[in-house]
**Student:** 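If you scroll down you'll find the structure; I have some questions about it.
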Amino acid sequence: MTESGNRDVPVAKQVPFEREHHGDAFVDPYEWMRDKQSPEVQEYVAAQNRLCENRNKPLASLRSTLFDELKSHVQETDMSVPTRMDGYWYFTRTQQGKQYAVQCRMPIAGPDDWDPPQVDAVGEPGSMPGEQIVFDANAESEGHDFFRIGGMDISKDGRWMLYGVDVEGDERYDYRIRNLETGEELPEMFTGISGACFTPDAQWVFYTVLDDAWRPCVVFRHRVGTPIDEDVEVFREHDERFWAGVGMSFDERSIVIGTGSKTTTEVLMLPVDTPEGEFKAFIPREDGVEYDVSFACFEGAGEHGSDIPIAVVYHNALNPNFEIDVIDMRKHEPPYRLGEGVCVASGSPYGCERGDDVEPGASAKPIGAPYTKPGNPAIMQGAHGLGIEGIAIHRNFVTLSYRAESLTHLAVMTKQAAVEDFLARRPWRFTELVPPALEGDWDVDESVDEVNEERAAVWQAVGGMEDDTAGPHAVRAAAGVIDDFQRAQGDGHAVHGASRRAMTSSDGATADAMPGETRRLYSIGAGGNPSYDAPRMRYSFSSYTRPGELHDIDPATGEDRLLKRATVLGDFDPRDYMERRVWITARDGERIPVSLVWRRDVPTCDSAMFITGYGAYEISSDPGFSVARISMLDRGVLYAVPHIRGGGEMGRAWYEQGRRLNKKHTFEDFVDAARALQNAGLANPARTVADGGSAGGLLMGAVANLAPECFAGIEADVPFVDALTSILDPSLPLTVTEWDEWGDPLHDAEVYRYMKSYTPYENAPSSADDPRTAHFPRIFITTSMNDTRVLYVEPLKWLARLQSAGIDAIAKIEVEAGHGGISGRYKQWQELAYENAWCLSVMGVMH
């Protein structure tokens, strides 16, 4: 390795290495970097870190300012709302100056104690009467540069704790058993495993072991107090596409092994009272079918007041966007079949690969077409992009989670009403929860005329985008365009206002003419409900600009209580910030939702823009609050999130249209969204920075190659940029399990050619003669030497190729961390300030 010119850029040696598949040969000059222990690799990493540090020295003051701003908004000493599990209230404390949280608990006052205790939020851990420190990660992490808790399980009597830690960042955890009464630990240690669970009596541990490819695939049984070498293998997953994991069922009556690939799952169960028995499949595996199962009962609903035991099955055997069936287990003994029982909710098949199996012609319909099904709850009728995400049945209430209009939805009903609807075989009467409006908010207080007048000034460029100058991929609709959006129909209703469907119209325009409606973009979900017997349901929500809140609600009366609102210190006021959902038309005609966030008193015209995306694994980029984002917004940056295909925002079809041989839609959607916002005059390409991590890092590399002129800079975090090389090698961690996501290029020539056409490393400029280098964005890469999901060698090779072409590319390479980056909250804040300072500098914002 040498250094080039006056820029001190390390020049990596080139050693030709030929990779040949399907008659195609690719000569890779940097494959030698795969030898992690090589002195040359280590020297190269050190040189790149020196380059990165030298390049970013001028940003030291900005980094310090950003860190101080972030820190000034955080209430460093705080605690979570206590959550009841068995005989204790559990909660988490954070303390000023401490890197990690402290897990604590207090005993319940009695079996009917369902109101969380009042705990001094600024007190020292263990300072309250009866308060016990369960786990102090600050003490446990001493002597380690990296520390992460892998899991924590506590016996039903509260005496024993099973916990795992990772001190390398490689996601292999060491588990120990601790007596919480004495602090003593048992001699057995489960080393380098994936995960583990107790039986409720803490007499048995079931744990999952990884193979050489980092795939969790073998489950062992351990009797507490016996030598580890006497443990018994109870399950082995032989199909290399599948992962396995083990845990307890929600009702704690069964030990459950879940195994699955990206497209197929299976659940095996064993009664907890026979832990040495044989696991049996609840429903046998069927290729291409995903399912999950939980158990509950309808208390006193049977003949003569008997209970009705039920199985709740979530699956996509009959509908690609999933359905939920409730099976009366009195009907017959197992095994059961998918599709048996009463269907509670079913997703939209529109645009799905198997949509025609549900409804003739459904596959050809637009994903966002309104979907109506008589058997669905009334709140779902006419929903767009409807996907079913889950149901939870407790003693006193039932919750339903689903997606529509690219946003999360949460509905609730009483258990009694659910029993009545189940027995009558009619649609269940769920009530949708909508976040309570923020007092004095801009989306509630202002008159319709004032709202539309303000919005017209901001969005007039967006609303009129369908002209010859704007191009075919520009924004077609924006907030305030449609005023006559219809309210939800039928018996379903929502608390705190109309259904979430009233927030976003069928073509993405916010229904601003509906006074009293909130128009922020929320993520909402049930949370903190580990007890089956709880009388009230907890739920939480947040938006891009409204900090998270935790509430509980009595489904019988509708009484809603605020339990905790996230504290943001300083002069922060969510009313000072705007957020909107607009829709752009991609080059193939599909309509893509884009979330936009900005400071209200800063004109969104020719703005600096931070645009981020992911678009893989059916993972949705949902709205969420970030303290660090405030600093960007306050500096006039427009924050944009295109909800591109490959994610799950619009249900299963959204995912299917962005994976395998449709993967390029992900990259094109992102580029088309960026161009649309720039063509609308909202953002300046010369001041636009894009960001993505992991599979989102693949996205970053692809869009840099595809449309370099759209971006001034790109931050790629732990980027999956040498995708084809990795997916061709089944010996690498996770490769075979990824074939369901990307396709199998090793055995399929079409997949090979398709992946080769987009994989960032092979398609990046390799010399200054490439015409793209004249407009190529500046590149900032972060990676970790211990990352087991995206090996460090991928970004390093990409970096070397970019630098050899004269492109301004730097990398910050962590030598201790893993895929999730460094540990410790203050260290993470410093890293975030480091990255954001680079982004702002590329945008031309240096203050």
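The analysis underlying the following values was restricted to heavy atoms, covering all of them including side chains, and did not include hydrogens, waters or symmetry mates.
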**Student:** Side chains of H315 and E290: do they bring a donor and an acceptor to under 3.5 Å?
**Tutor:** no

**Student:** Within a 6.0 Å radius of atom CG on D601, are there more than 12 heavy atoms belonging to other residues, nucleotides or ligands?
**Tutor:** yes

**Student:** Using side chain to side chain contact (heavy atoms under 4.5 Å, CB included), reason through V568 and I630 one step at a time and then give a plain yes or no.
**Tutor:** CA-CA 10 Å; V568 181; I630 298 172; 4.1 Å; yes

**Student:** With distance as the sole test, does N319 use its side chain to make a donor-acceptor pair with the main-chain N or O of G347 at under 3.5 Å?
**Tutor:** yes

**Student:** List the steps and the verdict of side chain to side chain contact (heavy atoms under 4.5 Å, CB included) for V627 and F625.
**Tutor:** CA-CA 7 Å; V627 170; F625 185 78; 3.8 Å; yes

**Student:** For the backbone of D622 and the side chain of S620, can you confirm whether one donor and one acceptor N or O come within less than 3.5 Å of each other?
**Tutor:** no

**Student:** Enter the distance from H551:NE2 to D560:CG here, rounded to the nearest 0.5 Å.
**Tutor:** 5.5 Å

**Student:** Under 4.5 Å between any side-chain heavy atoms of F397 and T414, yes or no?
**Tutor:** no

**Student:** Output, in order, the C-alpha distance, side-chain angles, deciding distance and verdict of salt bridge (charged side-chain N to carboxylate O under 4.0 Å, His left out) for R635 and E69.
**Tutor:** CA-CA 12 Å; R635 287 168 171 79; E69 287 178 1; 2.8 Å; yes

**Student:** Quick one, Y544 and V641 - any side-chain contact, counting heavy atoms below 4.5 Å?
**Tutor:** yes

**Student:** Restricting to non-hydrogen atoms, name the atom on T604 and the atom on S607 that form the minimum distance, rounded to 0.1 Å.
**Tutor:** CA-OG, 3.6 Å

**Student:** H643 and S595: side-chain donor and acceptor closer than 3.5 Å?
**Tutor:** yes

**Student:** In Å and rounded to the nearest 0.5 Å, what is the CE to CH2 distance from M578 to W598?
**Tutor:** 5.0 Å

**Student:** State which residues pass salt bridge (Lys or Arg N to Asp or Glu O under 4.0 Å) with D576; sequence neighbours excluded, sorted by chain then number.
**Tutor:** none

**Student:** Might you point out which heavy atoms bring P555 and P535 nearest each other, and give the distance in Å?
**Tutor:** CD-O, 4.5 Å

**Student:** Take D441 and R546 through the test salt bridge (charged side-chain N to carboxylate O under 4.0 Å, His left out) and record every step on the way to the result.
**Tutor:** CA-CA 10 Å; D441 204 359; R546 185 174 172 187; 5.6 Å; no

**Student:** How are the rings of Y314 and F322 set relative to one another: parallel (under 30°), tilted (30 to 60°) or perpendicular (over 60°)?
**Tutor:** parallel

**Student:** List the steps and the verdict of salt bridge (charged side-chain N to carboxylate O under 4.0 Å, His left out) for E618 and R659.
**Tutor:** CA-CA 9 Å; E618 204 172 1; R659 67 170 179 173; over 6 Å; no

**Student:** Can you name the closest pair of heavy atoms from A418 and W428 and give their distance?
**Tutor:** CB-CZ3, 3.8 Å

**Student:** Compare all side-chain heavy atoms of E579 with those of Y522 and state whether any distance is below 4.5 angstrom.
**Tutor:** no

**Student:** N321 and Y402: side-chain donor and acceptor closer than 3.5 Å?
**Tutor:** no

**Student:** Would L400 and I324 count as a side chain to side chain contact (heavy atoms under 4.5 Å, CB included) if you check the C-alpha gap in whole Å, the side-chain angles of each, and the deciding distance to 0.1 Å?
**Tutor:** CA-CA 10 Å; L400 174 67; I324 295 168; 3.7 Å; yes

**Student:** If we only count heavy atoms from C-beta on, is the I367 to Q657 side-chain gap below 4.5 Å?
**Tutor:** yes

**Student:** Can you tell me if S543 uses its side chain to pair, donor with acceptor, with the backbone of T545 under 3.5 Å?
**Tutor:** yes

**Student:** Just how far is it from atom CD of E715 to atom CE of M700, taken to the nearest 0.5 Å?
**Tutor:** 10.0 Å

**Student:** Only one of R84, R561, R538 forms a salt bridge (Lys or Arg N to Asp or Glu O under 4.0 Å) with D552, so which one is it?
**Tutor:** R561

**Student:** Could you report the tightest heavy-atom contact between G693 and Y614, atom names first, then the distance?
**Tutor:** O-CE1, 3.5 Å

**Student:** Does any part of the side chain of I524, heavy atoms only, come nearer than 4.5 Å to the side chain of P435, both counted from C-beta?
**Tutor:** yes

**Student:** Would you please test Y371 and N376 for side chain to side chain contact (heavy atoms under 4.5 Å, CB included) and show each step?
**Tutor:** CA-CA 10 Å; Y371 180 64; N376 272 350; 4.2 Å; yes

**Student:** What pair of heavy atoms forms the shortest contact from S531 to F250, and how long is it?
**Tutor:** C-CZ, 4.2 Å

**Student:** Is the shortest heavy-atom distance from the side chain of C839 to the side chain of D691 under 4.5 Å?
**Tutor:** no

**Student:** What distance separates L70 CG from R629 CZ, expressed to the nearest 0.5 Å?
**Tutor:** 12.0 Å

**Student:** Mark yes or no for whether T265, through its side chain, and Y291, through its backbone, hold a donor-acceptor pair below 3.5 Å.
**Tutor:** yes

**Student:** Nearest 0.5 Å please: distance from the CD1 atom of I592 over to the OG atom of S406.
**Tutor:** 10.5 Å

**Student:** Hey, which of I619, V718, D717 is the one that makes side chain to side chain contact (heavy atoms under 4.5 Å, CB included) with S694?
**Tutor:** V718

**Student:** Distance-only, no hydrogens or angles: does the W654 side chain make a donor-acceptor pair with backbone N or O of I644 under 3.5 Å?
**Tutor:** yes

**Student:** Just by distance, do the side chain of K564 and the backbone of M79 share a donor-acceptor pair under 3.5 Å?
**Tutor:** yes

**Student:** Output yes when a side-chain donor or acceptor of Q103 lies under 3.5 Å from a complementary backbone atom of Y90, and no otherwise.
**Tutor:** no

**Student:** Is there a donor-acceptor pair under 3.5 Å between the side chain of H409 and the backbone N or O of E432?
**Tutor:** no

**Student:** Rounded to the nearest 0.5 Å, how far apart are CZ of R581 and CD of E405?
**Tutor:** 10.0 Å

**Student:** Is NZ or CZ of R600 both nearer than 6.0 Å to the six-membered ring centre of Y577 and within 45° of the ring axis?
**Tutor:** no

**Student:** Is the backbone of E76 close enough, under 3.5 Å, to the side chain of R825 for a donor and an acceptor to pair up by distance?
**Tutor:** yes

**Student:** Any side-chain heavy atom of H394 within less than 4.5 Å of one from M537?
**Tutor:** no

**Student:** Can you give me the closest heavy-atom contact between P719 and V790, atom names plus distance?
**Tutor:** O-CG1, 3.2 Å

**Student:** Answer whether the closest heavy-atom distance between the side chains of V344 and F430 falls below 4.5 Å.
**Tutor:** yes

**Student:** Under the criterion salt bridge (charged side-chain N to carboxylate O under 4.0 Å, His left out), I'd like the reasoning laid out for K262 against D740: C-alpha separation, chi angles, the key distance, then a yes or no.
**Tutor:** CA-CA 6 Å; K262 295 292 189 300; D740 281 333; over 6 Å; no

**Student:** Tell me whether Q75 contacts the main-chain N or O of L569 through its side chain, where contact means a donor paired with an acceptor under 3.5 Å.
**Tutor:** no

